Amino acid sequence: GARIAASPPGTCGGCSSERAEGGRDGYGARQKATTFLERIGPLRYNRRWVSWRGKEKSNPQGSSASSRIQAPSGFRDSDQPIFGVGEVVSSAFQIRGTVAKVETGQVFEAWDMMLERTVALKAGWRDAGTPPLLPEVRVTRSVVGPCAVTVFGLGNYKSIEYAVAERVVGETLADRVAATSGAGVALVEALEILCRLATSLTAVHGAHLWLRDLTPDTVLITEAGRLVLGRFSLSQVRAGSAEGICFAPEVITGIYDPNDAIAGAAIDLYHLGCIAVELIAGRAPYLGDSMKATLFNHVHVRPSVLASMRGDVPVELSDLVAELLAKQAERRPSSAADVAAQLETIRVRVAGARRTVRVLIVDDDSERVRPLWSVVRRAHARAVVDAARDSADAVTKLRRDRPDVVIVNIAPSAGSMSGLEVCMYLHGLDEARGTMLVAMADRMQPGDASLLAHLGVPFALSRDAGGYGAVTDL
């Protein structure tokens with residue numbers, strides 16, 4: 001179009017006068033060319049006619065932005081969202097913001113003006129070949145349980161298909177693990193998550209569906225502890241792994257039948273075992289220098305024993321995870337329901353053995369220890385509190401009692417070590433695996449919390465900023 005507009009009279013975008021007058025090549029006459037351009041105008045953009053990325057790449061460097069072809073709103077390559085903030089869709093849903101941009105569409109947070117509630121609204125792309133949302137909605141509705149969002153309905157607005165579902169907010173399991181700085185989440189919490197995840201897989205398999213790419217990135221955990229699987233979140237959560245790779249050995253080697261229901265369930269159980277290791281040990285079961293090395297390890301290397309990676313893991317849980325990570329699919333547990341039942345039994349036993357909460361306070365000032373001791377005992381009915389005056393005493397009591405929480409005063413003087421050195425030393429002990437380390441000071445400087453988190457101490461509290469209340473929350 002730019003070439004035609006710039007051409008002198010009697011020519012057609014650089015073509016010879018003979019062609020402009022009606023030559024043998026293509027459209028010939030200017031009128032025909034103009035009619036053709038109008039026919040594929042902005043209201044009819046289609047990937048068969050226009051490749052937005054291709055057009056931009058074909059522009060010479062240094063060309064002005066105004067000369068580039070920009071994808072209109074609603075297309076995958078557009079810089080503009082499908083719906084703008086404040087726009088009202090179908091006279092019912094007011095857009096509040098963007099949640100995610102995924103392969104099949106764009107997800108927004110919206111306000112349901114009729115029922116006065118916050119919802120998630122997923123709009124499909126206008127690009128040719130984009131799958132409709134109806135199959136995804138039907139699959140999501142077929143899974144019964146909290147692992148799938150509730151779908152409220154489908155609609156069409158300005159020729160754009162959209163689906164409305166409940167809005168879920170939280171963090172992924174990958175974020176939860178990353179917050180522990182490699183120490184892994186508390187054992188009781190990890191068992192609760194694994195129980196819910198195994199129950200979710202039971203619901204998915206009961207609907208004759210299989211995930212095959214279950215990873216910590218694809219599982220959302222809400223503040224209330226609810227787990228939502230990305231495949232059934234209408235894309236509020238990543239539906240597939242970031243690498244797009246299934247790590248089950250039989251898939252890597254290509255010796256499984258994708259239509260076999262038993263094989264699909266076994267693949268999901270293998271990924272459940274990988275998540276169990278990551279939750280408890282704080283890292284993935286197999287790590288390689290490259291993706292090729294990681295895949296090789298999944299196929300050929302025997303996984304480390306979970307009980308040897310963390311001291312408070314019961315043997316029965318370690319054995320169950322080893323069965324989930326078996327290289328041969330037939331050696332894994334028979335079903336997700338069976339795994340859920342075993343995990344629940346282990347969880348009850350572990351919770352019963354940990355009826356008390358043991359807290360160790362490391363501080364050489366009895367005037368500071370006394371109020372903190374009282375706060376902890378008022379915060380938990382079965383709290384057992386002990387105190388250590390220096391690092392040597394702290395190590396002795398940590399090895400003897402295996403406390404659940406260690407609160408360290410990081411004042412300059414705490415015996416032969418400073419409080420900061422005590423934190424670093426305790427974090428490196430095998431006996432401190434699974435122990436929550438808390439640093440406390442009369443006043444925390446702005447950079448102290450980030451430094452302590454880097455050293456493996458995730459909680460930094462200041463007495464002059466409600467630190468005792470934060471201890472109660474912990």
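Just so we're clear, the structure is a prediction, and the values are computed from it rather than from any experiment.
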Note to self: Assess the residue pair Glu323 and Arg332 against the criterion (salt bridge (charged side-chain N to carboxylate O under 4.0 Å, His left out)); give the C-alpha distance rounded to whole Å, side-chain angles, the decisive distance to 0.1 Å, and a yes or no.
What the structure shows: CA-CA 5 Å; Glu323 292 177 13; Arg332 296 171 200 154; over 6 Å; no

Note to self: I'd like to know whether Lys327 forms a salt bridge (charged side-chain N to carboxylate O under 4.0 Å, His left out) with Glu250, so could you lay out the CA-CA distance, the side-chain angles of the two residues, the decisive distance to 0.1 Å, and finally the verdict.
What the structure shows: CA-CA 8 Å; Lys327 304 300 182 184; Glu250 61 269 31; over 6 Å; no

Margin query: Using side-chain contact (heavy atoms from CB on, under 4.5 Å), reason through His298 and Tyr270 one step at a time and then give a plain yes or no.
Written below: CA-CA 10 Å; His298 275 278; Tyr270 182 85; 2.7 Å; yes

Margin query: With side-chain hydrogen bond (donor to acceptor under 3.5 Å, both in side chains) as the criterion, how do Asp268 and His205 come out once you've worked through the C-alpha distance, each side chain's angles and the decisive distance to 0.1 Å?
Written below: CA-CA 9 Å; Asp268 287 345; His205 296 170; 2.8 Å; yes

Notebook entry, point to check: Are Ser335 and Asp338 close enough, and set up right, to give a side-chain hydrogen bond (donor to acceptor under 3.5 Å, both in side chains), and what steps lead you there?
Noted result: CA-CA 5 Å; Ser335 67; Asp338 183 30; 5.3 Å; no

Checklist line | Worked check of side-chain contact (heavy atoms from CB on, under 4.5 Å) between Thr435 and Arg402 | finding: CA-CA 8 Å; Thr435 298; Arg402 297 294 178 89; over 6 Å; no

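The minimum heavy-atom distance linking Arg226 with Val149 is given by the pair NH2-CA, 4.0 Å. Scanning both residues, Ile95 and Gly84, for their nearest heavy atoms gives CB-O, 3.4 Å. The shortest heavy-atom contact between Ser200 and Cys147 is OG-CB, 3.4 Å. Taking all atoms of both residues into account, the shortest heavy-atom contact from Leu325 to Pro285 is CD1-CB, 4.5 Å. Contact detail for Ile275 and Thr215: the closest heavy-atom pair is CD1-C, 3.9 Å.
Put simply, the side chain of Leu209 reaches to within 4.5 Å of the side chain of Val139, judged on heavy atoms. Annotation: side chain of Glu116 is in contact with side chain of Trp111 (closest heavy-atom distance under 4.5 Å). Residues Val204 and Leu229 are in side-chain contact: their nearest non-hydrogen atoms beyond the backbone lie under 4.5 Å apart. Leu220 has its side chain within reach of Val168: a pair of non-hydrogen atoms, C-beta onward, lies under 4.5 Å apart. Looking at heavy atoms from C-beta onward, Ile407 lies in side-chain contact with Val405 at the 4.5 angstrom threshold.
In this structure, a donor-acceptor pair under 3.5 Å is absent between the side chains of Asp127 and Thr130.
Aromatic ring centres of Tyr286 and Phe247 lie farther apart than the 6.0 Å criterion allows.
In terms of modelled atom types and a separation under 3.5 Å, the side chain of Arg310 and the main chain of Ile280 share a donor-acceptor contact. Ser233 places a side-chain N or O within donor-acceptor distance of the main-chain N or O of Ser235, the cut-off being under 3.5 Å. A donor-acceptor pair is defined here as one N or O able to donate and one able to accept, closer than 3.5 Å; such a pair exists between the side chain of Arg76 and the backbone of Glu103. A donor-acceptor distance shorter than 3.5 angstrom exists from the side chain of Ser78 to the backbone of Gln80, with no hydrogens or angles considered. No side-chain donor-acceptor contact under 3.5 Å links Glu109 to the backbone of Val99.
Among Val348, Leu317, Leu279, the single residue meeting the side chain to side chain contact (heavy atoms under 4.5 Å, CB included) criterion with Leu191 is Leu317. When each of Arg238, Gln236, Lys122 is tested with Val102 by the rule side chain to side chain contact (heavy atoms under 4.5 Å, CB included), just one qualifies, namely Lys122.
The local environment of CZ in Arg117 is crowded, with over 12 non-hydrogen atoms from other residues, nucleotides or ligands closer than 6.0 Å. More than 12 heavy atoms of other shown residues, nucleotides or ligands fall within 6.0 angstrom of atom CD in Gln328. Remark: His300 NE2 is packed, more than 12 non-hydrogen atoms of other residues, nucleotides or ligands lying under 6.0 Å away. Within 6.0 Å of CG in Asp257 there are more than 12 heavy atoms belonging to other residues, nucleotides or ligands. More than 12 heavy-atom neighbours from other residues, nucleotides or ligands sit within 6.0 angstrom of CD1 on Ile346. Within a 6.0 Å sphere centred on CZ of Arg96, other residues, nucleotides and ligands contribute more than 12 heavy atoms. In the displayed structure, Arg138 atom CZ is contacted under 6.0 Å by at most 12 heavy atoms of other residues, nucleotides or ligands.
Relative orientation of the Tyr162 and Phe93 rings is perpendicular, given thresholds of 30° and 60° on the angle between their planes.
A salt bridge is defined here as a Lys NZ or Arg NE, NH1 or NH2 lying under 4.0 Å from an Asp or Glu carboxylate O, and Asp404 with Arg358 fails to meet this definition. Between Lys158 and Glu87 there is a salt bridge, since a side-chain N of the basic residue sits under 4.0 Å from a carboxylate O of the acidic one. Between Asp112 and Arg167, none of the side-chain N atoms (NZ, or NE/NH1/NH2) sits under 4.0 Å from a carboxylate O, so this pair counts as no salt bridge.
The line from CZ of Arg176 to CD1 of Ile221 is 4.0 Å long, rounded to the nearest 0.5 Å. Interatomic distance, CD of Glu344 versus SG of Cys195, reported as 4.5 Å (0.5 Å rounding).
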